[in-house]
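Read the numbers this way: they start at 1 and go in the same order the structure lists the ligands and their atoms.
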Amino acid sequence: MRKAYIAGNWKMNMCPSEAKAYAQDLLKAVKESGADVKMMVAPPFVSIPAVLDVLKDSPIIVAAQNMADHDSGAYTGEVSPLFLLDLGVKTVILGHSERRQYYGETSASINKKILLALKHGMEVIYCVGETLEQRESGKLEEVLTEQLQNGLKDVKAEDMDKIVIAYEPVWAIGTGKTATPEDADDAHLFIRKTIESLYSKDIAEKLIIQYGGSVKANNVKALMAKENIDGALVGGASLKVNDFLPILTYNK
Ligand code: 13P
């Protein structure tokens, strides 16, 4: 049985003071609700310490949205995984489609980061997903295969329990268009089968695959009811406690 894993990716929202107030409200609401899923929030780098002040010893994991592909050195503007670990951050989102789309990241460059994060024992949420053009031209499986094969290149079987895959169709992100639960489940099944062929049935069965793309309180239940959907990576609806809490408690 795979435990549901619901995560909030704040993207470039919430400065440190806003983030701290939000974390306090979220923690209170989560405690009162008895939420029973694995929970995570990923604030912008500069807001992480303020959020950790509140959530450090709580059931809500604090993650980063990205990290550097080196430990230290002359890489202006980058944030080392060692700095994250020093703060107490052990989870990182890598390869988000916005990183691929706007900052030139590729499966190969993301792979470098994934291997480095795993070397340091971090949990990685690796994002994959197709654009509308790719879907409409029948390239969904080809795109996912490329992203999984190259993104996970040289990742050892024994490290696969540290990998979570987030399937985020680019056309569903921030657009209000959600993949139907059936379409999302089909893509998740394809991802699971690909992992089975790259690793083993056992690893594929244990793999947590989150869906991301306009997840809201009113569609999370139908998505989570699907066999291969094990969690959600939530953008916009994770920015307000009133929107996020019903997603975290979808199974209550
Ligand atoms: P939205 O939930 O705003 O569509 O964003 C999804 C996402 O990109 C999460 O990483």
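Residue contact annotation: Lys11 has a non-hydrogen atom under 4.0 Å from ligand 1. At least one heavy atom of Ala172 sits closer than 4.0 Å to an atom of ligand 1. Residue contacts with ligand 1 do not include Ala237, since none of its heavy atoms lies under 4.0 Å from the ligand.
Of all atoms in ligand 1, listed by their number and element, those nearer than 4.0 Å to a heavy atom of Glu168 are 6 (C), 7 (C), 8 (O), 9 (C), 10 (O). Less than 4.0 angstrom separates some heavy atom of Gly213 from each of these atoms of ligand 1: 4 (O), 6 (C). With ligand atoms numbered from 1 in the order given, ligand 1 contributes 9 (C), 10 (O) to contacts under 4.0 Å with heavy atoms of Asn9. Those atoms of ligand 1 that come under 4.0 Å of a heavy atom in Ser214, given as number and element, are 1 (P), 2 (O), 4 (O). Taking every heavy atom of Gly236 and a limit of under 4.0 angstrom, the matching atoms of ligand 1 come to 1 (P), 2 (O), 3 (O). Per-residue contacts place Gly174 under 4.0 angstrom from the following atoms of ligand 1 (heavy atoms of the residue considered): 1 (P), 3 (O), 4 (O).
Where the criterion is an N or O separation shorter than 3.5 Å, residue side chain and backbone included, Glu98 fails it with respect to ligand 1. Taking any N or O of Gly235, backbone or side chain, at least one lies under 3.5 Å from an N or O belonging to ligand 1. For ligand 1, the polar-atom distance check against Val234 finds no nitrogen or oxygen pair separated by under 3.5 Å. Backbone and side-chain nitrogen or oxygen atoms of Thr175 are examined, and none is located within less than 3.5 angstrom of a nitrogen or oxygen of ligand 1.
Crowding of Lys90 atom NZ: a count of heavy atoms from other residues, nucleotides or ligands under 6.0 Å not exceeding 12. Heavy-atom neighbours of Lys11 NZ from other residues, nucleotides or ligands within 6.0 Å: above the threshold of 12. More than 12 heavy atoms of other residues, nucleotides or ligands sit less than 6.0 Å from atom NZ of Lys3. Heavy atoms from other residues, nucleotides or ligands lying under 6.0 Å from CD of Glu133 number 12 at most. Within 6.0 Å of the CD atom in Glu227, the count of heavy atoms belonging to other residues, nucleotides or ligands does not exceed 12.
For the residue pair Trp171/Glu130, the side-chain donor-acceptor check at 3.5 Å is satisfied. Between the side chains of Asn66 and Lys113, at least one donor-acceptor pair of N or O atoms lies under 3.5 Å.
Taking the salt bridge (Lys or Arg N to Asp or Glu O under 4.0 Å) definition, one finds that Glu32 meets it with Lys28, sequence neighbours left out.
Annotation: cation-pi pair Lys38/Tyr5 present, NZ/CZ under 6.0 Å from the ring centroid and within 45° of its normal.
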